[in-house]
Each structure stands twice: as C-alpha cells, then as structure tokens.
Amino acid sequence: MVSNDQVLKALGLYAKLAELHGENEFKIRAYNTAAFNLKKIREPFGELGDAEWKKVPGVNKSVLDAIGEMLRTDTFSALQEMLEKTPPGVVELFQVKGLGPKKVSIIWHQLGIETLDALFNACRENRLVEVKGFGVKTQQEILQNMEFMLAAKGKWHYAKLEPLKLALKELMEHQYPGVKYAWVGEVARCCEVIENPAIIVDAQIELTELFDGWNLQVEVVSSKDFERLSFEKSATDKHLEVIGYQGEVDWKGDEMVTYQSLGLPYVIAEMREPEVEKYQFLSPEKIIAYNDIKGTLHNHTTYSDGLNTLVEMADYARNLGLEYLGVCDHSQSATYANGLREDRLLQQMDEIAAYNEAMAKAGLSFRIFSGIESDILGNGDLDYPDEILAQLDLVVASIHSNLGMTEEKAMSRLIAAIENPYTTILGHPTGRLLLLRNGYPINHKKIIDACVANGVVIELNANPYRLDMDWRHLFYAIERDALISINPDAHQLQGYHDMEFGTLAARKAGVPTGNVLNTFSVSEISRYFRDRKI
C-alpha cells in the first residue's frame with residue numbers, strides 16, 4: 001500500500017523536476033501547493049472521500065488524478081516522464097537541503113555534476129565558489145547539509161516505527177500465538193531517532209516482509225532467559241554500570257525486584273540511558289505520563305496554516321476528553337503561513353469568546369484560550385504592539401526566520417523575547433528538525449535560567465520531527481524547577497496525538513508531572529494565565 005509520505009514525496013519531486021526542465025509555472029505551483037497542504041493530513045489518502053478532498057486547498061483535478069494513479073500503480077505518468085529525462089544522480093541532488101531547481105540546474109549544466117559524491121568533492125575543493133550565484137558561505141552551507149544528510153541515512157524518527165510496532169503486535173497475536181517477543185535497545189528506550197530497531201523472541205519467526213528496509217535485528221533467546229535479557233538489552237551498558245548491575249548474578253526474576261535489590265526505585269525503560277545519573281532516578285508514579293495531560297496548547301487553525309477550523313479543533317479536543325485548547329496561530333510576520341494581522345487576530349478572539357460563552361451556557365467547563373505564536377524578530381521583539389499582546393491569554397514566542405545564526409545572535413534574540421513581559425511560552429527553542437536540520441546553537445543553561453527568572457514556560461515541542469527542547473537539557477530545567485509545556489504544535493486534528501511523543505521525550509528526563517504546565521486542570525491553568533498578566 002502506498003503511504004502518504006510516498007505520495008507527498010512524489011508530488012514534490014514532480015514539481016522540482018518540472019521546474020528544472022522549464023515546464024508550465026502554474027502547474028508547478030499547483031503541485032507545490034497541494035503537497036504543502038496535504039502534509040497536514042494523517043489519514044491514509046486512499047481512505048479519503050470527495051468531501052475530505054474538497055477541504056484541502058490546491059488539490060485540483062490534475063493533482064487528484066496523479067494521486068489516484070499513484071495509489072494504484074506506485075507512481076504517476078507525468079513524474080515518470082520527468083524521471084526518464086533526468087539523470088538519477090541529478091534527482092538525488094534535490095535531497096540536499098537548500099538545493100532547489102535553480103541551483104541544481106546550475107550545478108548540473110554549468111559544472112557537469114550529476115552525483116552526490118561529485119557535489120561533495122566539488123564543495124570540498126571549493127569549485128562551487130567560482131560559479132555565479134554561489135559563494136563561500138553558500139558552498140559551506142551545502143557541504144554542511146550534505147554531511148548532515150549522509151549521517152542521517154539509515155535512521156528513522158521514533159514516530160515512524162509506531163505503525164510497524166502495531167503491525168508486529170497483530171502479526172504475533174495471529175500468526176505466532178504463544179511466542180514471546182520484546183522490543184529492546186533504542187525502541188525500548190523510546191529514543192527520538194532509531195538506527196538499530198531490535199527485538200528478541202523465544203522462537204524462530206519470519207519478519208522479512210513486514211520490516212523490509214528497516215534493518216530489523218531479531219535475536220532468538222531461550223525462554224528461561226527471556227525476561228532477564230529483555231531487561232538487559234533494554235538498557236545501555238552505561239546504565240547497567242551506573243546501577244551496579246553485574247549480570248545474571250544480580251537478576252532477581254523481575255525488573256522491579258532487581259532494582260529494589262540494588263537499592264533503587266524502579267527505573268522506567270525510557271531512562272535507561274548513559275546521560276541519566278543515579279541521583280536523577282525518580283519513582284515512576286512521579287514522572288509525567290500521557291494520561292496526565294489535561295489540555296493542549298500551541299495549536300493552529302484555518303486562520304493561519306491549519307487544516308481545521310477553530311470550532312473543529314476545539315470540538316475534537318473536547319471529544320478526546322481534554323479540558324482546554326490553546327489556539328496560537330502564526331503571527332503577522334509569518335506571511336508564508338497566512339499569519340494573522342491585528343484585525344484578523346481580534347476577529348479570532350471574538351470567535352473564541354463566543355465559543356467559550358456557548359460552553360458556559362451549556363454547563364460545560366471546556367475552554368479555548370486565545371493566543372498567538374508570535375515571531376521573534378531579528379532584534380528580539382515580538383511582532384505585535386503591547387496593547388494587542390495584553391489582550392491574549394498566552395503568547396508562544398518562536399523563531400522562524402534567519403535560522404543560520406551564530407550562538408551570540410540566537411541568544412540575543414531569545415533572551416530579549418524571554419524578557420518580554422508578554423511572553424508566556426518559549427516555542428521550539430532551537431528550531432531543529434530531527435534528521436533534517438540542526439538547530440541554531442544556543443546556551444541551554446542560560447536560556448533555562450532566563451526562563452525561570454522571567455516566569456516563562458519552556459516548550460517541549462511534541463512534533464516528532466522537533467522534540468525541541470531536547471530531553472537531555474530538561475534535567476537542568478527540572479533542577480531549576482522550570483515549567484515545561486508539552487505542545488503538539490498541531491496543524492490539524494490528528495496532530496494532538498503527537499503529545500504522546502512529547503511525553504515519551506519528557507519521560508526520558510524523568511520530568512515530574514507537577515512541572516508540566518498542561519497537566520494543570522482548566523481552573524488551575526486559567527488562574528495561572530490570569531495571575532501572570534501584567
């Protein structure tokens with residue numbers, strides 16, 4: 001079955017190749033627009049009906065026909081025509097971040113470069129700086145992006161493994177009943193990036209077809225050693241050393257009893273990492289769990305670049321059993337995301353007030369909090385005047401532009417925004433995209449100190465491509481008693497569920513429930529927002 005990701009990549013690739021070969025610009029724009037908007041959909045494209053397709057902007061008949069053909073045949077004819085007249089190595093150049101059709105055309109036609117290896121060598125030999133449109137800085141960025149891309153090969157986001165975990169569970173239940181199996185290694189520890197997915201089983205099984213391309217490691221172990229090896233292989237060697245575990249001699253037949261015998265509380269699998277010291281172990285009941293989340297903050301609607309309306313986002317959150325929703329659409333500087341100018345922001349606030357009034361009249365406590373994801377400008381200012389910011393329940397301050405900053409510049413922008421009295425939450429503090437781009441450099445301890453000093457909440461952006469702030473820095477945040485907000489940054493309904501991945505990341509740092517803002521009840525968080533108003 002063709003996945004959504006495969007369809008999106010095919011549409012995007014067609015648009016790039018069409019531009020590379022000088023095809024009709026309106027058709028190119030249509031495919032780019034469709035690919036951008038379709039990213040927000042989590043449901044399988046093959047299950048969408050006419051009504052759902054009509055809600056997606058930019059999906060015209062040509063695009064819909066291409067998607068239908070791909071769902072049937074794994075490709076579509078227009079893409080195949082482009083691929084036939086493009087060298088395979090040139091197609092691969094588009095994998096490098098920062099290389100669009102115009103730059104690829106120059107690299108291909110003027111330098112005669114048709115492979116990634118040739119481009120890598122050309123950068124290292126400073127041959128790109130001789131070409132108009134390229135310079136030392138651009139060449140260095142391309143080289144860095146290539147190094148990052150090549151290092152990322154053979155790695156996956158943890159979230160990408162979730163469907164396969166469910167498929168394996170179903171396969172084992174129906175095809176191998178009675179056979180014990182357990183995920184070990186990086187998967188057991190819920191690492192944000194998986195390089196070596198591995199399981200142990202107590203009988204021989206066949207999984208090649210299910211995990212084709214995943215390099216799944218399957219180890220058959222004896223039934224009598226299964227529980228012990230499941231524990232040992234879930235932990236890093238460093239963790240076993242830290243807890244003083246000496247192997248089979250210390251195994252007491254049960255994980256919890258084994259930890260007790262070593263004088264320790266039970267350590268959840270997520271925390272069995274080399275970065276976790278013994279003093280950081282907490283009793284499991286004190287650590288944040290997904291069921292502790294009572295509301296969702298930092299979400300987008302059709303007012304900016306979301307797929308669902310404000311009411312749809314609110315009703316879905318309420319049906320999930322959540323107590324509140326924070327709406328934080330993009331601000332006016334984010335023109336690329338249909339950011340809200342002041343009049344549209346005020347209009348949205350009126351709609352939120354009307355929804356909350358209707359909830360109150362119906363005797364329901366669910367509430368929408370009015371907010372904005374305000375861009376942090378180059379000088380650290382937020383992009384609305386104080387009189388607008390003062391009317392909002394919360395402000396998420398984030399950097400979206402000029403990401404290639406020095407640490408000094410990044411710190412200057414972030415600290416200025418943190419010190420702004422209207423900033424409630426610092427959004428995705430480094431701007432990283434796992435396996436796609438490094439975040440801009442920051443001094444995490446100074447950022448955390450500044451947030452604590454100014455009463456600003458630190459976001460753990462739960463989007464599995466972000467998971468920013470990195471869990472490794474949350475130990476210091478908790479040491480400083482900072483507040484964390486596990487925010488989905490949802491752009492459509494299914495995005496709320498990303499809070500599960502954010503919670504797993506928080507658990508890796510042993511974040512206590514009381515240090516997570518959106519574990520507050522609706523009355524508690526209402527009071528929190530009200531009390532911090534100027």
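Checked by atom type and distance alone, the side chain of Ser521 pairs as donor or acceptor with a backbone atom of Glu524 at under 3.5 Å. No side-chain donor-acceptor contact under 3.5 Å links Asn518 to the backbone of Ser485. With hydrogens and angles disregarded, a donor-acceptor distance shorter than 3.5 Å links the side chain of Arg532 to the backbone of Gly455. Remark: the backbone N or O of Tyr158 is not paired with any side-chain donor or acceptor of Glu162 at under 3.5 angstrom. Between the side chain of Asp393 and the backbone N or O of Ser370, at least one donor-acceptor pair lies under 3.5 Å. Listed for the Lys155 side chain is no donor-acceptor partner under 3.5 Å among the backbone atoms of Leu435. Listed for the Asp292 side chain is no donor-acceptor partner under 3.5 Å among the backbone atoms of Ile288. Judged purely by atom type and a 3.5 angstrom limit, Gln139 has no side-chain atom pairing as donor or acceptor with the backbone of Phe134. Side-chain N or O atoms of Asp329 include one that pairs as donor or acceptor with a backbone N or O of Thr301 at under 3.5 Å. In this structure, Arg437 contributes its side chain and Gly431 its backbone to a donor-acceptor pair below 3.5 Å.
Remark: His239 pairs with Phe281 by the ring pair (Phe, Tyr, Trp, His ring centres under 6.0 Å) rule, at least two apart or across chains. For the ring pair (Phe, Tyr, Trp, His ring centres under 6.0 Å) test, no residue two or more places apart in sequence or in another chain qualifies with Phe475.
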I'd like to know whether Tyr324 forms a ring pair (Phe, Tyr, Trp, His ring centres under 6.0 Å) with Phe369, so could you lay out the CA-CA distance, the side-chain angles of the two residues, the decisive distance to 0.1 Å, and finally the verdict. CA-CA 7 Å; Tyr324 50 86; Phe369 293 104; 5.8 Å; yes

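Other residues, nucleotides and ligands contribute at most 12 non-hydrogen atoms within 6.0 Å of the NZ atom of Lys9. Remark: Arg480 CZ is packed, more than 12 non-hydrogen atoms of other residues, nucleotides or ligands lying under 6.0 Å away. Within a 6.0 Å sphere centred on CD of Glu408, other residues, nucleotides and ligands contribute 12 heavy atoms or fewer.
For the 3.5 Å distance criterion, the side chains of Asp383 and Ser333 qualify, holding a donor opposite an acceptor. Glu500 and Thr503 share no donor-acceptor pair across their side chains, judged by distance under 3.5 Å alone. Glu351 and Tyr303 share a side-chain donor-acceptor pair at under 3.5 Å. Counted by atom type alone, Ser304 and Asn338 present zero donor-acceptor pairs between their side chains at under 3.5 Å. A donor-acceptor contact closer than 3.5 angstrom links the side chains of Tyr476 and Asp449. Judged by distance alone, the side chains of His491 and Asp305 do bring a donor and an acceptor atom under 3.5 Å apart. In summary, the side chains of Asn487 and Glu459 do present a donor paired with an acceptor at a separation below 3.5 Å, with no hydrogens or angles considered.
Between Arg189 and Glu186 there is no salt bridge, since no side-chain nitrogen of the basic residue lies less than 4.0 Å from a carboxylate oxygen of the acidic one.
By the 4.5 Å heavy-atom criterion applied to side chains, Thr302 and Leu307 are not counted as neighbours.
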